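Here the structure is laid out as structure tokens; the discussion comes afterwards.
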There are 2 protein chains.
Amino acid sequence: MTTTGPADPSVQPRVPLSRERVLRAAVDLADESGIESVTMRTLGQRLGVEAMSLYNHVSGKEDLLDRMVDLVVSEINDATGEIAGDWTTAMRRRILAAREVLLRHRWAPNVLESRTNDSAPLMRYYESLIGLFRAGGFSNDLTHHALHALGTRALGYTHEPFDDAQELPDPKVIAQQLAGEYPNIAALLEGVSHDPDSTLGWCDDQFEFEFAVDILLDGLERLRDRELATRSS
Amino acid sequence: MTTTGPADPSVQPRVPLSRERVLRAAVDLADESGIESVTMRTLGQRLGVEAMSLYNHVSGKEDLLDRMVDLVVSEINDATGEIAGDWTTAMRRRILAAREVLLRHRWAPNVLESRTNDSAPLMRYYESLIGLFRAGGFSNDLTHHALHALGTRALGYTHEPFDDAQELPDPKVIAQQLAGEYPNIAALLEGVSHDPDSTLGWCDDQFEFEFAVDILLDGLERLRDRELATRSS
DNA sequence: ACCTGAACACCGTTCAAGT
DNA sequence: ACCTGAACACCGTTCAAGT
């Protein structure tokens, strides 16, 4: 068995705390146990240190959260920076690549939205998206509207009001329970039993996300074409 | 001056606490001072009672938040229930009416998304939306995808990653500061100075919201028409 | 049946003290 | 320069006690 005496350099307490290590540990902790488990005390514990030591590397909880978001958005930039090509396919691929990153950090969207300070990595991401729109022939105005229309989908995620209602049991059973009070919902749920190709009854998040992105990108492209046509006339 | 003796029925402590009063007070408090100010202690204080008394009318903080959301969604149902007509205009008007309600309760979207229990008023709202789609000739599948595509916009709101960056000072000044690091963002911001009709530089939330809703509704209608065409062929 | 006071287990954070 | 222990001001919540 290996000795873990104070001279052993592989032993935990030897590696010194740093801002970098604190932030990485916070992201890992949030990935594993959820953002609500990221408290100064548990984070310190994970790093083998008292909570108060963290304040030497981070100015407080808000700063910690700001920098955690920065790390995640930097990951998005790394994953999407190289993606180029004609604007619709490039935009689509970037958005889906961003989505993959966020699926690894499910706490990130909510934290991102709670931030009030702007983030340099986020600026860089939008810088690159705007470049794509402009190269695709979009006017300033249409680019602006397009960013708003995509909203958080530009970053690869979306909020849905029924986020947690997705682990449904057999939709047919539920449909019968709801038939009295909610006939339309019940009929919708029953749709799945009559049509074997239906995607109803379970929700394929990836499909639904792409479905919505495609509607938006198609619509935006149509508006750009119209814009180009009126401009040249 | 009026006497406020113990026999005066108009004096505050006389009106007894009730579940209804607790919930109304909580919504009012959140509207006025933000959701973070809704603590059991401050809510009790507002009602002239100790925090612990609230537990006689509400099973806890989570229950309180559930019911606060229910109140707001009920308001949406009241505002939208009567709106009928051909599906695009009816859907559009309902969504915009829901938006007006949520603009009066800005804390509601975030709380709604943090809920894990499903809400009867929310079910009723979706029941009515689904009815609109079905009456408009949408298949079960397309109705399902449509609800996902609309996402929270079906309820009249949307999350944008730059929510707080909207009280910008002069966009031209910002553009110059950003020109070095973010040339595309800067160019976008400068667009406003070259085009007097541009909507850039400030963000008209209502315009942007309707812009996105219209893209989605147009796209959905197009898909429905295609669906109807293939079905009848 | 409803309300209260004291207490508990958690937060983030400050500060004086250690090395 | 970095880490610690004790303390403070907040949370939500429990519980025994009052009326």
Side-chain angles (χ1 to χ4, degrees), chain A residues 5-7 9 11-30 32-69 107 110-111 113-117, chain B residues 5-7 9 11-30 32-69 107 110-111 113-117:
Chain A
V11 82
Q12 289 281 18
R14 290 284 112 172
V15 40
L17 216 51
S18 70
R19 185 174 174 84
E20 178 74 11
R21 270 192 74 221
V22 169
L23 299 179
R24 289 277 166 215
V27 168
D28 290 347
L29 182 56
E32 291 167 22
S33 328
I35 191 67
E36 73 283 356
S37 73
V38 179
T39 70
M40 299 305 268
R41 283 171 174 85
T42 60
L43 181 55
Q45 196 173 332
R46 190 186 177 94
L47 289 159
V49 110
E50 296 300 313
M52 304 75 201
S53 304
L54 301 174
Y55 287 84
N56 289 312
H57 304 96
V58 136
S59 78
K61 185 76 180 279
E62 292 301 297
D63 183 35
L64 177 71
L65 293 173
D66 282 347
R67 299 293 83 79
M68 288 172 71
V69 165
W107 50 272
N110 278 324
V111 176
E113 276 159 26
S114 72
R115 299 302 81 203
T116 162
N117 303 322
Chain B
V11 82
Q12 289 281 16
R14 290 284 112 172
V15 40
L17 217 51
S18 71
R19 186 175 173 85
E20 178 74 13
R21 269 191 73 220
V22 169
L23 300 179
R24 288 277 166 215
V27 168
D28 291 347
L29 182 56
E32 291 167 22
S33 329
I35 192 68
E36 74 282 355
S37 74
V38 179
T39 70
M40 301 304 268
R41 284 171 174 84
T42 60
L43 181 56
Q45 195 173 331
R46 190 186 178 94
L47 289 158
V49 112
E50 296 301 311
M52 305 74 201
S53 304
L54 301 174
Y55 287 84
N56 288 312
H57 304 96
V58 134
S59 78
K61 184 76 180 279
E62 291 302 298
D63 183 35
L64 177 70
L65 293 173
D66 282 347
R67 299 294 83 79
M68 287 172 72
V69 164
W107 50 271
N110 279 325
V111 176
E113 275 158 28
S114 72
R115 298 302 81 202
T116 162
N117 303 321

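Please read these numbers as outputs of a predicted model, since none were measured by experiment. Lettering follows sequence order; numbering is per chain, from 1.
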Can you name the nearest heavy-atom pair linking A:A25 to A:L47, along with the distance?
CB-CD2, 3.7 Å
Validation row: B:L64, B:M40 side chains within 4.5 angstrom (heavy atoms)
yes
Round to a whole Å and report the spacing from CG of A:D63 to C1' of C:dG12.
14 Å
Could you tell me the separation between the CZ atom of A:R19 and the C1' atom of D:dA1, rounded to a whole number of Å?
17 Å
Does B:R24 have more than 12 heavy atoms from other residues, nucleotides or ligands lying within 6.0 Å of its CZ?
no
Separation of B:M68 CE from B:I35 CD1 (nearest 0.5 Å)
4.0 Å
Protein-nucleotide distance (A:L64, atom CG; C:dT13, atom C1'), rounded to Å
14 Å
So, does B:R115 use its side chain to make a donor-acceptor pair with the main chain of B:E62 at under 3.5 Å?
yes
Dot-bracket line, read 5' to 3' along DNA chain D, where crossing pairs take [ ] and | marks a partner on another strand, Watson-Crick or G-U under 3.5 Å
||.|||||...|||||.||
Counting primed atoms, P, OP1 and OP2 as sugar-phosphate and everything else as base, the B/S/- map of nucleotides 2-8 of chain C against protein heavy atoms under 4.0 Å is SBBBBB-
To the nearest angstrom, how far is A:E36 atom CD from C:dC11 atom P?
11 Å
Counting only side-chain N and O atoms of A:Y55, is one of them less than 4.0 Å from OP1 or OP2 of C:dT14?
no
Closest heavy-atom pair, A:R19 versus A:D63, reported as atoms and distance to 0.1 Å, is NH1-OD2, 3.6 Å
Distance in Å, B:T39 OG1 paired with B:L29 CG, rounded so as to fall on 0.5 Å steps:
8.0 Å
Using atom CG of A:L65 as one end and atom C1' of C:dC11 as the other, report the distance to the nearest whole Å.
13 Å
If we ignore hydrogens and angles and just use 3.5 Å, is the side chain of B:R46 paired with the main-chain N or O of B:V22 as donor and acceptor?
no
To the nearest Å, give me how far apart CG (B:L43) and P (D:dG12) are.
10 Å
How many Å lie between NZ on A:K61 and C1' on D:dC11, as a whole number?
13 Å
Shortest non-hydrogen separation from B:S37 to B:T42 and the atoms involved
O-OG1, 2.6 Å
